[in-house]
Number of protein chains: 2
Amino acid sequence: MEIDSISGEGRMERKKRELRQKIINVAMKLFEQQGFSNTTMEQIAEEADVARKTLYNYFPVKEAIANEYVRGISTQMAEEALAKLQKLPDTRSRLLKALNNAYGWVELNPELTGIVLAYRFKTSYYSYDKNQDSKNEFQERGTYRIIAEIIRQGQQSGEIRSDVHFKWLVRYVDLLRGTIVWEWLQDTSSFELREEISRMVDIVLDGIRSDDKRSK
Amino acid sequence: MEIDSISGEGRMERKKRELRQKIINVAMKLFEQQGFSNTTMEQIAEEADVARKTLYNYFPVKEAIANEYVRGISTQMAEEALAKLQKLPDTRSRLLKALNNAYGWVELNPELTGIVLAYRFKTSYYSYDKNQDSKNEFQERGTYRIIAEIIRQGQQSGEIRSDVHFKWLVRYVDLLRGTIVWEWLQDTSSFELREEISRMVDIVLDGIRSDDKRSK
DNA sequence: GCATATAATTATACAATGTGTAAAAAAATT
DNA sequence: AATTTTTTTACACATTGTATAATTATATGC
């Protein structure tokens, strides 16, 4: 079955990948033109020239299309960012840099960000329906990947405590980041995004206890 | 309009409240008998003897019914718990006690817990559709209310840092708690719920930095 | 009490979602 | 070239959620 696993990929696999990409492109074009909620799966199928059912074979819900598109961008940005992060001196600066990095895009694409954030929470929280994504969603991609790398590095260097599995630490940071971004999207004038993120990083690093009450 | 705002409430308001409750009761009964996803809004409307549209006037989606039911229980438990918490000596013990408190119920009702958790994230994260709940959802009810009380108290006593708005602190704790519970629901054998919660409380209180690297 | 305004419920219709089934088409395997 | 496997498709279906306008129930002013 998996003959051309590395070199080529077989006509079938290639066609599937191409169609998948075509769907994403078509859908994103429609979303841009008419807005996300005004675009139906029917339209997307029509425009991509496949049966509606086929579209559903590729993406079980509309949000999944947007998600995959954003994930692509995010993964790409992550790779570029990772290299630069090595030069920074400590975990705090790396975290701040990494988290702040993505906001330019977020600010330009608030609606899409909202949709994708919502979808990710939904699938990661509501996977009584187990599609293959649900578990991998929070896996090592995009911002999650960067955070994971930073935490891992922090644990190796002894900067971050090692008595908690890094999986949890990463999840926490990613989740809190998501919450802040979302809150900000709701009302962009209510607070300064970067400021709040910075405060969050402080909390995660140092905890919420008053300094003067700290043991030692 | 609001004549009987305190004593009675007017026939109309009373009837609405009664019908609302009836719907919840009927729905919960059906959920128990046939499972959540096997129960349709049609059935619920039928059984409650109202038009489907009326049902939708009360609850825009099925999950909202389960949510309101759980919120009732949760609010009730919260009130009982709050009194006892005062006796505990510090924030850590109060947080642990409060968070651990609800798990008996969670363990007995994993499916419902999952549905409600998912719904809350969805509505709090995906409120491009603004129903009245979306903003109040995370307001002072249930576990959220307890956490808020504990944090508030901690800030007053100087135990918790006051340079961050308590709204965020509460949200963080509540969110992290939700995540852990969810993860645990996915595979109840993968870790000890109370242990992980305890670790999370430690992190929130003291941060993720290694003790030996801590300033001061 | 009666008339009138207000609000809730209803029947009806509709667009859209998401799924199941079985047949057709395409690709891979022998 | 014949086969097996996979994918796409057409079709049908139950369900969701919303919009509209008619009907009914409740509240309010007289």
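We use all heavy atoms of the structure for the numbers below, so side chains are in, but hydrogens, waters and symmetry mates are not. Each chain gets a letter, A, B and so on, in the order its sequence line appears, and its residues count up from 1.
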Enquirer: Using a 4.0 Å cut-off on protein heavy atoms (strictly under), produce a 5'-to-3' string for nucleotides 19-25 of chain D with B for base contact, S for backbone-only sugar-phosphate contact, and - for none.
Expert: B------
Enquirer: Thr40(B) near the nucleic acid: base, sugar-phosphate alone, or nothing, with a heavy-atom cut-off under 4.0 Å?
Expert: sugar-phosphate
Enquirer: Could I get the full list of ring-ring contact (aromatic ring centres under 6.0 Å, His included) partners for Phe31(A), not counting sequence neighbours?
Expert: Phe36(A)
Enquirer: Round to a whole Å and report the spacing from CG of Leu55(A) to P of dT19(C).
Expert: 12 Å
Enquirer: Has Tyr58(A) got a side-chain N or O lying under 4.0 Å from the OP1 or OP2 atom of dT8(D)?
Expert: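 Yes, such a contact exists.
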Enquirer: Would you mind reading off the distance between Arg17(A) atom CZ and dA27(C) atom P, rounded to a whole angstrom?
Expert: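 So the CZ-P distance, Arg17(A) to dA27(C), works out to 15 Å.
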Enquirer: Partners of Glu46(A) by salt bridge (Lys or Arg N to Asp or Glu O under 4.0 Å), sequence neighbours excluded?
Expert: none
Enquirer: Between dG17(D) atom C1' and Glu42(B) atom CD, what is the distance in whole Å?
Expert: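 For the pair Glu42(B) CD and dG17(D) C1', the rounded distance is 13 Å.
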Enquirer: Which residues pass the side chain to side chain donor-acceptor pair (under 3.5 Å) test with Glu80(A), sequence neighbours left out?
Expert: none
Enquirer: Which whole-number value in Å describes the distance from Gln34(B) CD to dA14(D) C1'?
Expert: 15 Å
Enquirer: If you check the Val61(B) side chain, which of dT8(D), dG17(D), dG18(C) turns out closest?
Expert: dG17(D)
Enquirer: So, using side-chain contact (heavy atoms from CB on, under 4.5 Å) as the criterion, who are the partners of Glu195(A) when residues are at least two apart?
Expert: Glu192(A), Arg199(A)
Enquirer: What are the atom names and distances for every N/O pair under 3.5 Å that joins the protein to nucleotides 22-24 of chain C?
Expert:
none

Enquirer: Please identify each residue that fulfils side chain to side chain donor-acceptor pair (under 3.5 Å) with Trp184(A), with sequence neighbours left out.
Expert: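 Once residues adjacent in sequence are excluded, Trp184(A) has no partner under the side chain to side chain donor-acceptor pair (under 3.5 Å) criterion.
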Enquirer: Would you mind reading off the distance between Asn57(A) atom CG and dG18(C) atom C1', rounded to a whole angstrom?
Expert: 12 Å
Enquirer: Can you tell me which residue among Lys22(B), Arg52(B), Lys29(B) is in a salt bridge (Lys or Arg N to Asp or Glu O under 4.0 Å) with Glu47(B)?
Expert: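 Only one option passes, and that is Lys29(B).
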Enquirer: Checking Asp163(B) now: which residues fulfil salt bridge (Lys or Arg N to Asp or Glu O under 4.0 Å) with it, not counting sequence neighbours?
Expert: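 Only Arg161(B) meet the salt bridge (Lys or Arg N to Asp or Glu O under 4.0 Å) criterion with Asp163(B).
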Enquirer: Between Tyr56(A) (OH) and dG18(C) (P), how many Å, whole number?
Expert: 5 Å
Enquirer: Where each residue is assigned the nucleotide of DNA chain C containing its nearest heavy atom, which of Arg52(B) and Asp49(B) is assigned the position nearer the 5′ end?
Expert: Asp49(B)
Enquirer: Rounded to whole angstroms, how far apart are CG on Leu19(A) and C1' on dT6(D)?
Expert: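 So the two atoms are 14 Å apart, to the nearest Å.
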Enquirer: Would you say that more than 12 heavy atoms from the other residues, nucleotides or ligands in this model lie under 6.0 Å from the NZ of Lys84(A), or not?
Expert: no
Enquirer: Can you tell me how far P of dA26(C) sits from CZ of Arg14(A), to the nearest Å?
Expert: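 After rounding, the reported distance stands at 15 Å.
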Enquirer: With sequence neighbours excluded, what pairs up with Glu32(B) under the salt bridge (Lys or Arg N to Asp or Glu O under 4.0 Å) test?
Expert: none
